[in-house]
Participant: 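I'd like to ask some things about the structure below.
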Amino acid sequence: MERAWLPWNRLRQLGVMGLNERNADFILPYNSRRNFPLVDNKLLTKALAVEAGIPVPELFGVVEIVHQIENLKELLAPYDDFVIKPAHGAGGEGILVVTGRHGGRYRKANGVLADEEDLGHHVSNILGGLYSLAGRPDKALIEYRVKFDPIFENISFQGVPDIRILVFRGIPVMAMIRLPTRLSDGKANLHQGAIGVGIDLATGRTFSGVWHERPIDQHPDTGGHLSGRCIPYWDEILAMTAQCHDFSGLGFIGVDIVLDAQHGPMMLEMNARPGLSIQLANQLGLQPRVRHVQAMISVPTVIAERVQTAKNLARYTAS
Amino acid sequence: MRGLHVKLLALLLIVIGVSLCWFKVTRLGLPLMPTEKAEVWTVEARIEFKVLKDAAIKARFYIPRQPGGFTVVDESFVSGHYGLTTEDDGLNRAAEWAVREVNGHQVLYYRINLSKDPSIQPAPSQANTAPPIFVPRLPEALASAAKGLIEDVLKKSADARTFVRELLVRLNAQSPDPNVMLLRQGVVNEDDWVRLISDLLATANVSSRPAQVLVLQDGMNHGALKPWLEIFDGRLWVSLDPWTGEPGLPEGGVLWHIGNDAVLDVSGGKNAKVEFSVSRRAQDRTLVAEERARKMGSRLMEYSLFSLPVSVQNVYRVLLMVPIGAFLIVILRNVVGLKTFGTFMPILISLAFRETELIWGMVLFTVLVFLGLTIRFYLEYLKLLLVPRLASVLIIVIMLMAFISVFSHKLGFDRGLSVALFPMVILAMTIERMSLLWEEMGPAEALSQGFGSLMVAALGYLCMSSQSLEHLIFVFPELLLVVLAMTLLLGRYTGYRLTELWRFRSALRS
């Protein structure tokens with residue numbers, strides 16, 4: 001194909017999807033507003049996922065009103081480590097990870113110790129709606145802290161790496177793994193400085209990564225090589241994400257999966273407005289794949305068939 | 001399918017908007033630019049007379065009907081305690097001032113503002129039939145001279161118009177024949193001349209009537225009407241120059257009165273006289289057009305924003321600019337891809353800039369946000385609940401505003417007073433979001449978004465304070481349909497944002 005010169009024509013040629021296109025052609029027609037609460041509210045998502053038989057991090061408790069903060073100590077007593085997160089959080093904000101206890105205090109993921117009052121303030125911020133969309137009052141979830149799979153040992157700096165899979169009409173279309181760095185402060189968000197590493201849908205093997213929109217092959221903090229790693233349970237992961245489409249009723253979603261050392265893959269959360277950085281991590285445009293899926297007259301109902309479709313799709317439209 | 005629907009809708013809106021606008025420009029003469037000026041002539045007739053002892057006064061003064069080639073912008077009478085009536089008999093209009101008891105020297109004024117407009121036809125006159133001709137009784141000598149002249153002229157003319165022209169050629173001749181010399185002897189002033197022509201025409205069986213014309217001349221003082229002539233050409237009355245025979249009115253002439261009567265008639269007074277003064281000035285064309293449209297009875301203008309009280313008009317002058325700002329935001333966010341605090345927050349800030357002016361507005365905004373942020377970081381340390389914290393920020397912002405106003409007033413910068421016009425709730429929210437962003441994404445991101453919002457607000461201010469844009473939208477509010485159409489079209493824009501070209505630059509490079 002002749003190389004287009006104008007930058008927008010060139011992007012179009014590469015099949016890169018832009019935010020306007022995502023909003024107008026995919027989110028508006030495929031994601032019914034009615035179903036947004038199912039994914040925006042992590043409590044609901046969790047309940048639906050459990051019902052559908054999808055593994056999720058265990059829920060230890062919910063704080064719904066400010067008054068309950070007084071009982072936080074008793075609520076947390078049985079657990080050494082846990083995560084506190086807002087039910088309506090977005091972009092990984094408001095998540096507090098406690099990795100253990102030290103004296104009467106809690107050790108946070110970055111090593112800093114926090115006391116009862118700090119935790120209480122964080123929970124009250126969550127309840128007040130600081131981290132929720134549009135600042136509405138929210139609930140705080142306390143759940144199992146994922147201990148990540150040793151495969152990520154030397155390519156992750158604090159925090160938990162998660163696998164983001166974009167699912168369109170129930171068919172996974174693109175995947176990446178997001179690795180926290182010192183810069184991203186343990187968060188797995190690309191624009192906060194996490195590394196995005198593309199994953200070959202067909203094999204579950206990682207490509208090289210992208211950090212700050214620049215190609216990278218070594219983790220900047222740990223030095224571990226990014227490419228060529230095989231994600232375990234790959235087929236199960238694909239199947240889980242395909243199932244997530246079924247219970248959410250949303251056509252265009254991003255599903256976040258974490259790999260726990262003991263429990264294997266678990267679904268962390270879903271996003272009805274998935275970001276487009278996944279294209280950067282894979283160095284591949286989304287358009288050819290989503291347009292192919294869009295053109296399918298009907299999508300197979302059997303999960304295994306959808307996983308197969310996804311793998312074939314990846315083979316035909318690899319970069 | 002949906003795309004086509006939006007495009008058709010947008011097309012419809014654009015067609016409606018543009019054609020309404022076109023109609024207003026071409027038919028009603030509304031100007032597209034605010035600087036367009038129309039020439040407005042102010043004519044003032046000053047009537048003065050002395051009251052006879054113990055007499056009731058009745059002053060009758062002829063005033064123009066709709067003159068051809070001019071729009072009457074407005075008309076006024078200064079009549080003190082006189083009762084005033086105007087009447088229109090289908091040929092002339094007259095104003096009649098009346099009062100029962102008055103003493104001494106009296107002055108009355110009639111003022112009319114006229115604007116040149118070649119498309120205006122004179123008001124139709126009812127009397128388009130030839131009146132019976134009274135052949136004047138001329139003295140014997142004159143009668144035979146007239147007869148001789150007319151016989152000569154008749155031979156060389158085909159109709160009323162050519163007859164008059166030929167007659168005037170003879171009368172004006174450098175070396176007149178004896179008949180003409182005789183006729184010219186009795187003429188001392190312009191009125192006599194017109195009467196002579198009129199008499200000659202009557203003798204030749206051509207209907208004519210004298211008329212009075214005011215020739216507009218800037219700076220004219222103590223001016224008088226100029227006698228003119230109208231003849232009946234068999235179908236219509238036509239004006240013509242009683243000296244040259246040229247048809248029509250003189251350049252810049254307003255037909256004031258037709259007929260033999262005096263223009264001013266005062267009963268109960270003496271030494272009555274009327275003087276005209278004329279001045280020219282440039283006036284906003286919008287006002288002229290609006291006045292004209294109202295005279296034409298155009299429904300469109302009757303229901304325009306100009307029909308509102310002036311204070312409400314001024315509110316709408318501002319409000320109607322908000323869509324322009326909103327459209328700017330749509331472009332900056334969906335086509336350029338800028339990030340701002342809040343969707344329409346920058347527009348509210350730029351509305352505040354309208355009052356404070358740009359540079360001062362930006363300085364005050366920056367100072368307020370900076371002070372607010374500093375205090376907000378202190379509040380963070382107190383670990384307050386969300387809503388009380390927001391409320392505290394709001395209270396502090398208002399106190400800061402009051403402080404800045406008082407402080408700058410003491411220092412003598414009165415500009416600082418306008419800080420009170422900033423939407424404080426918006427400011428408090430901006431400070432809160434900025435501080436959150438500061439904590440979560442770092443100072444660089446917070447400052448860049450803050451700076452971006454300020455730039456968008458400044459850009460919004462520049463668009464929304466543009467005089468010509470404001471004029472255009474206020475005079476042609478239907479253009480908002482075009483703005484709406486373009487916004488709808490952008491609502492289905494699926495192309496890349498400019499910032500995405502940067503975001504995906506690594507893909508472009510490969």
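So you know, we letter chains A, B, ... as the sequences are listed, proteins then strands, and number each from 1.
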Participant: Heavy-atom pairs under 4.5 Å with chain B: which of A:E117, A:E21, A:H121, A:M17 has the most?
Facilitator: A:H121
Participant: Where is the tightest heavy-atom contact between B:R505 and A:H212, given as atom of each residue plus distance?
Facilitator: NH2-O, 4.4 Å
Participant: Which pair of heavy atoms, one from A:D25 and one from B:R492, lies closest together, and at what distance?
Facilitator: OD1-NH2, 3.8 Å
Participant: For B:R503, which atoms come within 4.5 Å of any heavy atom of chain A: side chain, backbone, both, or neither?
Facilitator: both
Participant: Check whether A:R12 gets within reach of chain B through its side chain, its backbone, both or neither, counting any heavy atom under 4.5 Å.
Facilitator: both
Participant: Top residue by heavy-atom pair count (under 4.5 Å) with chain B, among A:N20, A:L280, A:V16?
Facilitator: A:N20
Participant: What residue, out of A:L276, A:L28, A:N23, A:V210, has the most heavy-atom pairs lying under 4.5 Å from chain B?
Facilitator: A:L276
Participant: How about CZ on B:R433, more than 12 heavy atoms from neighbouring residues, nucleotides or ligands closer than 6.0 Å, or not?
Facilitator: no
Participant: Set out, in order, the CA-CA distance, both residues' side-chain angles and the distance that settles side chain to side chain contact (heavy atoms under 4.5 Å, CB included) for A:N125 and B:R389, then state yes or no.
Facilitator: CA-CA 11 Å; A:N125 269 343; B:R389 189 175 62 217; 3.6 Å; yes
Participant: Which atoms of A:Q279 come close to chain B, meaning under 4.5 Å heavy atom to heavy atom: side chain ones, backbone ones, both, or neither?
Facilitator: side chain
Participant: Roughly how far, to the nearest 0.5 Å, is OH of B:Y496 from CG of A:N9?
Facilitator: 9.5 Å
Participant: To the closest 0.5 Å, what do you measure between CG (A:L6) and CG (B:L501)?
Facilitator: 10.0 Å
Participant: Does any heavy atom of chain B fall under 4.5 Å from the side chain of A:L127, the backbone, both, or neither of them?
Facilitator: neither
Participant: Shorter than 4.5 Å, heavy atoms on both sides: which option in A:G120, A:G193, A:S277 has the most such pairs with chain B?
Facilitator: A:S277
Participant: Does atom CZ of B:F377 have more than 12 heavy-atom neighbours from other groups under 6.0 Å away?
Facilitator: yes
Participant: Out of curiosity, B:T494 OG1 to A:F26 CZ, how far, rounded to the nearest 0.5 Å?
Facilitator: 9.5 Å
